[in-house]
Amino acid sequence: MLDIRLFRENPDQVKERLATRGMDGSAVDEVLALDGKRRETVSRTEALKATRNQISKEIPQRAKAGESIDELKEQSRQIGEEIATLDGVLRDIDEELRLQLLSLPNLPHGDAPIGEDESGNKLVRSWGEPIKHPFAAKAHWDLGDALGFLDLPRGAKVSGSGFYVLKGIGARLERALISWLLDVNTTKNGYTECSVPFVVSPDSLTGTGNLPKFEDQLYKVPLDNLYLIPTAEVPLTNLWAGEILDSADLPIAVCAHTPCFRREAGAAGRENRGISRVHQFHKVELVHLTTPEESAATHEKLVGHACGLLEELGVPYRVVELCTGDLGFGATKCYDLEIWAPGMETWLEVSSCSNFGDFQARRANIRYRPDGKGKPQFVHTLNGSGLALPRLMISLLENNQREDGSIAIPKVLQDRVGASEIRA
RNA sequence: GGAGGCGUGGCUGAGUGGUUGAAAGCACCCGCCUUGAAAGCGGGCGUACCCGAGAGGGUACCGGGGGUUCGAAUCCCUCCGCCUCCGCCA
């Protein structure tokens, strides 16, 4: 959520920066109009309430003095009716204003590259060379089928298209990766591992920015008014919702492995064969809460952690900074890590490392007290995958396939998997 | 799921209809005292919003929402959370 003060003090700047995301300025004007109406109404009701409070104070005094209080009571009652009417109006305005503000994306950071869509993204750096096999590389679905570790048809039978089943060494590889990722992130990168709920409240989703705008991307449990998490970012970030942290508590760095549930509405069919875009997948997520001063440096550190994981696994990658038009809803600045899948012949996004500034903190009301005293301030939140399983597995499988149809397992995983290769 | 209890400021904990935003203690901050520290003494110390250039003024908030009343932390309803007992269950 954006600070309403920005709109009042510098509406043109807000418009300009939203324009770099491809938005027109009408939303800004609407917010300003509502805000004006709100303040006017608040002033009126508060004046009435002050009068009523005054009268209520007089009543016992007059009663003690033996004077009549009927007139005052009637007066107060009438003011009460006026207040009730105005309060109703105010509630409507507040709700509308809140919805407007919650529906506006974050302002891109000043040094995010300007651009309309992904073609405007900037290659920051790359590590390793994309693998080119001297033979006809198979896509992971063919590898999985031939070697029997991936069963897409049965996933579809059980739950519908977009769900997959791993069997035998496939399942074991997934589990090994999850535990390896958690181990590296906790022991080497300094994150505290958390085990969190996979089902969350609407408030939590509003806090991270998934609601109210992206409800159609979420699986809902209507009976209990809960949603399945699209990422561990939601429970992890909301762990501190509504709290005022001590500055000594910061920075906070946590990670969690969770399944992620995404409806991926509008993505059915087309280019989504295999497991590159599915409704349920496993992911290890990294989340930081920090001060505004530290957030930029923390962002770089976060990207470094995600990159380090790929390097240890020997997966070539490139880092792309998203341009203003491609930036996610709540992000001010974002780096995507992409890995090459030689079978699919495409780059896959395995990690999206975003700095949200105080956007989420404002929504979730997460504050801290600088130096342990003074006014509470909003923290900055950041998160990134470390890493997303299916795409990582795609790249490992397709990169490490051999001409004879077998697949090598990276050294760092061999003990956990209990094998050095996958073979029919 | 059933019955009962509870939910007050950073923490502990008073307060059952009228200057109670809320006693007291702890924690924290400033000052005095002290060679220094502790203790002691004095003072300060919630959040949000509105008006105001500022000084300052106002409004709201005692788990959330609604109601009764001239007036609610205090009474009623409802939801949520926690605790105890019972039931059910991996």
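Only this structure's heavy atoms are used, side chains among them; waters, hydrogens and symmetry mates stay out. Numbered from 1 within each chain, the chains take letters A, B, ... in sequence-line order.
Summarising the base pairing, B/G40 is matched to B/C32 through a Watson-Crick or G-U wobble pair whose two defining distances lie under 3.5 Å. The partner of B/G1 is B/C86, by the rule that a Watson-Crick or G-U pair needs both atom distances under 3.5 Å. As the counterpart of B/C62, no nucleotide is assigned, since no Watson-Crick or G-U wobble pattern has both distances under 3.5 Å. B/G10 is paired with B/C26 under the Watson-Crick or G-U wobble criterion, all donor-acceptor distances under 3.5 Å. Pairing for B/U20 is absent, with no Watson-Crick or G-U wobble pair whose two atom distances lie under 3.5 Å. In this structure, B/A72 forms no base pair with any nucleotide, since neither Watson-Crick nor G-U wobble geometry is met with both distances under 3.5 Å. In this structure, B/G56 and B/C51 make a Watson-Crick or G-U wobble pair, each of the two defining distances being under 3.5 angstrom.
If you take atom C1' in B/G65 and the same atom in B/G46, they sit 23 Å apart, rounded to whole Å. The same atom, C1', is picked in B/G1 and in B/G87; the two are 7 Å apart, to the nearest Å. For the C1' atoms, the distance from B/A53 to B/A60 is 26 Å, rounded to whole Å. With C1' as the reference atom, B/G57 and B/C62 are 24 Å apart, rounded to whole Å. Separating the P atom of B/G2 from that of B/C61 is a span of 32 Å, rounded to the nearest Å. Separation of the C1' atoms belonging to B/G5 and B/G25 is 26 Å when rounded to the nearest angstrom. Across B/G17 and B/C75, the matching C1' atoms stand 8 Å from one another, rounded to whole Å. Taking the C1' atoms as reference points, B/A24 lies 34 Å from B/C77, given to the whole Å.
Under the 4.0 Å criterion applied to side-chain N and carboxylate O atoms, A/Asp94 and A/Arg38 are assigned as salt-bridge partners.
Distances shorter than 4.0 Å separate some side-chain N or O of A/Arg5 from OP1 or OP2 on B/C49. In this structure, A/Arg8 reaches the B/C50 phosphate: one of its side-chain N or O atoms is under 4.0 Å from OP1 or OP2. Of the side-chain N and O atoms in A/Arg367, one or more sit less than 4.0 angstrom from OP1 or OP2 of B/A48. A close approach under 4.0 Å does occur between a side-chain nitrogen or oxygen of A/Arg39 and OP1 or OP2 of B/C51.
Between A/Glu243 atom CD and B/U47 atom C1' the separation is 15 Å, expressed in whole Å. If you take CZ of A/Arg52 and P of B/G18, they are 17 Å apart, rounded to a whole angstrom. For the pair A/Asp224 CG and B/C79 P, the computed distance is 15 Å after rounding to whole Å. Rounded to whole Å, atom C1' of B/C49 lies 12 Å from atom CG of A/Leu97. Summarising the geometry, the separation between CZ on A/Arg363 and C1' on B/A48 is reported as 19 Å, rounded to the nearest angstrom. The distance between atom CG of A/Asp203 and atom C1' of B/G81, rounded to the nearest whole Å, is 14 Å. Distance, A/Phe378 CZ to B/U47 P: 13 Å, rounded to whole Å. Protein atom CZ of A/Arg369 is 10 Å distant from nucleotide atom C1' of B/C28, rounded to whole Å.
For A/Phe281, there are no ring-ring contact (aromatic ring centres under 6.0 Å, His included) partners, not counting sequence neighbours. The ring-ring contact (aromatic ring centres under 6.0 Å, His included) test applied to A/Tyr317 returns A/Trp127, not counting sequence neighbours. Under the ring-ring contact (aromatic ring centres under 6.0 Å, His included) criterion, A/His299 pairs with A/Tyr335, not counting sequence neighbours. Applying the side-chain hydrogen bond (donor to acceptor under 3.5 Å, both in side chains) rule to A/Thr237 yields no partners; only residues at least two apart in sequence or on another chain are considered.
A side chain to side chain contact (heavy atoms under 4.5 Å, CB included) with A/Ile252 is found for one member of A/Thr290, A/Thr192, A/Ile366, A/Leu289 and no other, namely A/Leu289.
If you check every strand for non-hydrogen atoms under 4.0 Å, A/Ile59 touches a base.
Pairing each heavy atom of A/Ser276 with each of A/Met344, the nearest pair is OG-CE, 3.7 Å. When all heavy atoms are compared, the tightest approach of A/Leu147 to A/Ala424 is CD2-N, 3.3 Å.
Counting only residues at least two apart or in different chains, ring pair (Phe, Tyr, Trp, His ring centres under 6.0 Å) contacts with residues 188-211 of chain A comprise A/Tyr191-A/His288, A/Tyr191-A/His305.
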Quick one: which protein N/O atoms are closer than 3.5 Å to N/O atoms of nucleotides 55-59 of chain B? Pair and distance per line, please.
unit_1: B/G58; atom_1: N2; unit_2: A/Glu46; atom_2: OE1; d: 2.8
unit_1: B/G58; atom_1: N2; unit_2: A/Glu46; atom_2: OE2; d: 3.3
unit_1: B/U59; atom_1: OP1; unit_2: A/Asn53; atom_2: ND2; d: 3.2

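Position along RNA chain B of the nearest nucleotide to A/Asp35 versus A/Pro60 favours A/Pro60 as the more 5'-ward residue. Nearest-nucleotide positions on RNA chain B place A/Lys57 closer to the 5' end than the other of A/Lys57 and A/Glu40.
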- Message: Set out, in order, the CA-CA distance, both residues' side-chain angles and the distance that settles salt bridge (charged side-chain N to carboxylate O under 4.0 Å, His left out) for A/Glu81 and A/Arg77, then state yes or no.
- Response: CA-CA 6 Å; A/Glu81 279 174 19; A/Arg77 202 190 51 73; 2.5 Å; yes
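Comparing B/C50, B/G71, B/U47 against the side chain of A/Ser56 picks out B/G71 as the nearest.
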